[in-house]
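We count ligands from 1, going down the list as the structure has it; atoms in each ligand are counted the same way.
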Amino acid sequence: MQRNAEKNTIAVLDFGSQYSHLIVRRMRELGVYAELLSPETPSEKLQEFSAIVLSGGPQNLSASDALQADPKLYALGIPMLGICYGFQLMAHQLGGEVRAGKTREYGPACVTVATRSPLFKGLPRSEPTWMSHGDQVTRVPNGFKITARSEVCPIAAMEDRKRRLFGIQFHPEVKHTTHGMKVLQNFVRITGAKHTWRLGKDWIDKTVADVRAQVGMGRALCALSGGVDSTVAAYLTHRAIGKKLTCVYVDTGLMRQGETEQIKRTFAKLPKLDFRVVHAEREFLKALKGVTDPEQKRKVIGRLFVRLFEREQTKLRRTDFLVQGTLYTDAITSGVSVGGKAAVIKSHHNVGGLPKDVAFRLIEPLRDLYKDEVRLLGRSLGVPEEIVSRQPFPGPGLAVRIIGEVTKEKLATLRKADAIFREELIVAGKAKQVAQYFAVLPDIRSVGVQGDARTYGHLIILRAITTADFMTADWARLPHTLLARASARITNEVAGINRVAYDITSKPPGTVEWE
Ligand code: XMP
């Protein structure tokens with residue numbers, strides 16, 4: 001916990017908006033540390049914060065179970081910003097009025113703002129914003145002034161400047177609100193919070209010292225996936241305890257081309273590290289034999305992974321700690337949006353998903369950080385760029401990109417096609433513009449003609465997506481020349497493939513992976 005003692009942290013109360021984490025990230029981008037907290041956090045606890053943001057949320061205030069904030073918050077004398085549902089809640093709890101609007105407002109909306117408001121200082125009078133609401137504030141509480149309106153919403157913002165209480169109907173944290181960052185910056189200025197949050201040498205030194213103290217005379221084990229989170233966590237822990245750290249990488253045989261070699265190269269650079277590779281391709285293929293159901297596949301892989309890990313654990317004596325690359329987004333379950341009633345779409349498996357009953361105490365040096373912060377940290381720790389900027393890769397690996405039974409031959413085919421697509425995308429300079437890109441091998445054959453002869457070959461599907469958070473995604477509009485090159489190379493260079501298709505499905509209704 002890096003909260004600093006000078007009351008320099010902003011609390012974001014999470015009422016379940018899909019953008020709650022984004023508010024925290026934006027504050028940190030502005031150099032002010034922020035944390036996401038439960039919407040019902042009592043006012044006594046919130047006293048230690050420099051400001052409070054009430055996030056948006058999916059509920060209507062008219063519902064009998066609508067979430068409320070502790071009403072005593074408003075008397076703390078701490079600056080507050082209510083966003084969307086948070087704005088309506090502030091109005092409601094302070095005696096204003098909120099009603100269902102005649103027209104809902106979803107998506108872009110132009111708002112006219114009072115530029116003399118300290119929150120809107122430096123903004124043009126007419127501001128393109130992002131709205132997502134059905135209810136509206138119809139009367140502001142005593143002491144408040146209306147500071148913005150849109151065509152649909154006559155009260156789109158309010159303020160009580162004296163008490164430093166502000167509310168806005170639109171979402172400043174999303175990119176569609178053109179000057180949203182400026183609004184948040186203005187709010188930070190109003191709060192007087194200092195811009196002291198940096199992931200620099202001080203943070204690293206303190207975290208390294210904490211890990212060293214935590215491990216003491218003991219030893220730690222880190223399960224590496226080859227991804228950025230577990231690698232950065234391992235680098236940081238290695239800096240703290242050096243040879244007392246053992247890193248285990250399970251080569252499942254389900255990795256992409258060159259991945260195992262890459263991780264070996266990366267860790268060979270760390271002096272005195274006990275680095276072990278568990279070669280388990282045969283075991284994984286055996287366990288996956290005859291398994292075609294996607295959920296079953298995920299479960300088989302997850303279970304075997306844990307078994308192999310436990311086997312390594314018994315070989316190591318006096319190892320009391322397990323290092324995990326848990327991130328803030330994984331760790332935090334404060335809001336209503338997290339956990340609970342969400343439908344299970346897929347049983348995600350990753351190294352961080354080891355069972356709770358493994359006999360270790362946890363070291364989670366990244367648990368206050370977001371992915372982009374971890375990438376920055378990785379760079380300053382000297383983690384190779386190919387790992388720092390690596391796109392996400394699912395724990396079950398290529399097994400969820402092969403539809404039907406997984407075999408050694410299919411893995412080899414997919415690995416080759418995937419490597420070609422990745423290579424072409426990188427050469428075309430598109431890698432930074434898409435969040436994830438890969439090949440899929442479905443269980444389909446089709447008739448083709450190659451070298452004047454009839455073929456009855458397999459299909460490769462290419463998928464590339466753009467996304468901010470992987471909860472929703474759009475298919476990437478890649479140049480046709482790039483797709484054409486990838487298609488020609490795959491059909492020429494990968495034996496058995498006579499057709500290539502490009503997936504043009506967004507999420508929803510699809511998901512990123514095919515299984
Ligand atoms: P879906 O397919 O659920 O994928 O839309 C969203 C993101 O999650 C990744 N993914 C996984 N990551 N373990 C992981 O660590 C998994 O089991 C898993 N399944 C999907 C996927 O690659 C995408 O980035």
Trainee: Short list, please: which atoms of ligand 1 are under 4.0 Å from a heavy atom of T511?
Mentor: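 Result: 1 (P), 2 (O), 5 (O).
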
Trainee: Would F470 count as being in polar contact with ligand 1, using the rule that some N or O on each side must be under 3.5 angstrom apart?
Mentor: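 There is no such contact.
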
Trainee: Out of the candidates R219, E312, R276, only one should pair with T246 under the side-chain hydrogen bond (donor to acceptor under 3.5 Å, both in side chains) rule; please name it.
Mentor: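 Answer to the side-chain hydrogen bond (donor to acceptor under 3.5 Å, both in side chains) test with T246 among R219, E312, R276: R219.
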
Trainee: So, E513 and R298, do they make that salt bridge, N to O below 4.0 Å?
Mentor: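 No, no charged N to carboxylate O under 4.0 Å.
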
Trainee: Going by heavy atoms, is R298 under 4.0 Å from ligand 1?
Mentor: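 Flag set, R298 near ligand 1.
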
Trainee: Would one find an N or O of E513, backbone or side chain, under 3.5 Å from an N or O of ligand 1?
Mentor: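 So ligand 1 has an N or O lying under 3.5 Å from an N or O of E513.
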
Trainee: What's the separation between atom NE2 in H176 and atom OG1 in T129, rounded to the nearest 0.5 Å?
Mentor: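 It comes to 11.0 Å.
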
Trainee: Taking all non-hydrogen atoms of both residues into account, name the closest pair between L245 and C222 and its distance.
Mentor: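 Closest heavy-atom pair between L245 and C222: CD1-CB, 4.1 Å.
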
Trainee: Using a 4.0 Å heavy-atom cut-off, which part of P392 comes near ligand 1: side chain, backbone, both, or neither?
Mentor: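 The answer is the side chain of P392.
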
Trainee: Does ligand 1 come near enough to P396 that some N or O of the ligand is less than 3.5 Å from an N or O of the residue?
Mentor: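 By distance alone, the answer is no.
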
Trainee: Between R489 and E423, is there a side-chain N and carboxylate O pair less than 4.0 Å apart?
Mentor: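 Yes, R489 and E423 are salt-bridged.
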
Trainee: Quick check on contacts: which atoms of ligand 1 are under 4.0 angstrom from a heavy atom of K507?
Mentor: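 Those qualifying, in numeric order: 1 (P), 3 (O), 5 (O), 6 (C).
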
Trainee: Between D202 and K206, does any NZ, NE, NH1 or NH2 come within less than 4.0 Å of an OD or OE carboxylate oxygen?
Mentor: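 Salt bridge absent between K206 and D202.
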
